[in-house]
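Below is one structure; the comments refer to it alone.
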There are 2 protein chains.
Amino acid sequence: MSNKPYHHGNLRNSLIEAGIELINQEGLKQLSLRKVAALCGVSQAAPYSHFQSKEDLLLAMQDYVTEQLMEVLNNAIKSCPNQNDPYVLIAMGKSYVMFFINHPHYFPFLFSQPCMEINLSLEANGTKNFPPFELLKTNFFRIFGENGMMKEKMEDIIIQLWATVHGLASIATMKYVHYDKDWETKIEDIIWNKYGVSSSAERGDA
Amino acid sequence: MSNKPYHHGNLRNSLIEAGIELINQEGLKQLSLRKVAALCGVSQAAPYSHFQSKEDLLLAMQDYVTEQLMEVLNNAIKSCPNQNDPYVLIAMGKSYVMFFINHPHYFPFLFSQPCMEINLSLEANGTKNFPPFELLKTNFFRIFGENGMMKEKMEDIIIQLWATVHGLASIATMKYVHYDKDWETKIEDIIWNKYGVSSSAERGDA
DNA sequence: CAACTAATCTTTACACTGTTAAGATTACGT
DNA sequence: ACGTAATCTTAACAGTGTAAAGATTAGTTG
């Protein structure tokens, strides 16, 4: 006597969104296929009509979250007055970190298990690669690539930049981290890299 | 008729070491309490005489691995000719990254779930805090602290340094990362921070 | 040494998990 | 209108963490 139709109609997308909601609320470890199915009002085996396995659903959810991150990053780029100023890269980094601070469960979800391919070399811009890093490479190359900086040096700088930003996101989203400053106002200083071990030593900053 | 004694004799330590062996071989996701118990030749519920829960065993395993990391870091410090040269910090960072490259499963194991406390402020040197970061703070303060650098600035530099190093470890240990260079020879350049977005732009490096 | 206590381990059981197999229901193209 | 394929349900299985009850042994105390 239930008026619920036998077919859900939009189950695939609903599973993805319900899964992401669970991630946000309880974290990756608490996520189970059965909970997700129940959230969608559907039996435990129904997801297998749309995904080969739990991991397959997780991959789709990763794509979904990555798309959100890409939007945030693209907005950060657009909001820069000068698209060719190196500050574009800082703005991207800041948005990258803040994205994960605003959704702490997304970091372990995206990176603690097999995610997309990541290619650290500058030219490789394959379709399967992690889009946010490809976006960083593209913008860096646009800003610095036209005036003769050597490719290997650019690769090193990009890796350093991403490592710093990615490491900040990792640290800032740790569960038991204590920091009495405000991340949003601090991130930029830290990424700007005005100080640093070597430069402090060389300049005698101390 | 088995000659195996009823009591194991050293079960607590055996569980920790068997668990770490499983982590190294199959990764965190494949680790189960029952497998660890079986590896120790003991029944499935035996671990509960020594650990309150699976998570409790994992915490003990984290302590064990953290201790290994501390040895590596301390050796790196000792092998520096001048203990007061900023290079000590680079050597620590290099060892930090190489430690996780040599044991790729340790990174998600240590950081993707509740680990120890992490206190980013310089003075807080509590006992429960993540010892490798405390070691970094201690050494940084010894090298740079005696000549009037402001505390807040030191905190910023330490966070930046650790973020870079930690991010490098995260990226280098990702499962599907492609890098055609040799990490060991590249890490130092990247950590040294000679280039960087801001400095490249300001110096007109390009 | 004897006896009691506490620590350690086993067996059994339960709820939950991912996944598969079989079959029911429905949408859709011919 | 019918047949096929897509979608969903029910039932079942092996593996998981964990608790309860009891067996075995170590350690301590008289």
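Computed from a prediction, not measured in an experiment: that's the story for all the values here. We name chains A, B, ... by the order of the sequence lines, and we start the count at 1 in each one.
Look at OH on B:Y48: it is 21 Å from P on D:dG22, rounded to the nearest Å. Rounding to whole angstrom units, CG of residue A:L57 and P of C:dT19 are separated by 10 Å. Rounded to whole Å, atom C1' of D:dT16 lies 14 Å from atom NZ of A:K35. In this structure, the CG atom of B:L11 is 16 Å from the P atom of D:dT25, given to the nearest Å. Between the CZ atom of B:F51 and the C1' atom of C:dC9 there is a distance of 15 Å, given to the nearest Å. Computed from coordinates, the A:R12 CZ to D:dC8 C1' distance equals 17 Å when rounded to whole Å. In this structure, A:R34 atom CZ and D:dA14 atom C1' are separated by 12 Å, rounded to whole Å. Per the geometry, CD belonging to B:E26 stands 14 Å off C1' belonging to D:dG15, to the nearest Å.
When distances run from any side-chain atom of B:S43 to the nucleotides C:dC9, C:dT19, D:dT16, the shortest one goes to C:dC9. Closest contact between the side chain of A:Q44 and the listed nucleotides C:dG18, D:dA11, D:dT18 involves D:dA11. Side chain of A:L33, nearest nucleotide from C:dT19, D:dC8, D:dT18: C:dT19. When the nucleotides D:dG17, C:dC9, D:dT9 are ranked by their closest atom to the side chain of B:S32, D:dG17 comes out on top. The side chain of B:V42 lies closest to C:dT10 when the candidates are D:dT18, D:dC8, C:dT10. Nearest nucleotide to the side chain of A:K54, out of D:dT10, C:dT19, C:dC9: C:dT19.
Salt-bridge check for B:K181 with A:E152: failed, with every basic side-chain N at 4.0 Å or more from each acidic carboxylate O.
When ring centroids are compared, B:F111 and A:F107 stay outside the 6.0 Å threshold. For B:H166 and B:F100, the ring centers are positioned 6.0 Å apart or more.
Within the 4.5 Å cutoff, the side chain of B:L168 has heavy atoms near those of the A:I159 side chain.
Listed pair B:H50 / C:dC9 meets the phosphate criterion, a side-chain N or O lying under 4.0 Å from OP1 or OP2. An OP1 or OP2 oxygen of C:dT8 is reached within less than 4.0 angstrom by no side-chain nitrogen or oxygen of B:S49.
Residue-environment remark: CD (A:Q25) exceeds the threshold of 12 foreign heavy atoms within 6.0 Å.
Across all strands shown, A:K29 has no heavy atoms under 4.0 Å from either base or sugar-phosphate atoms.
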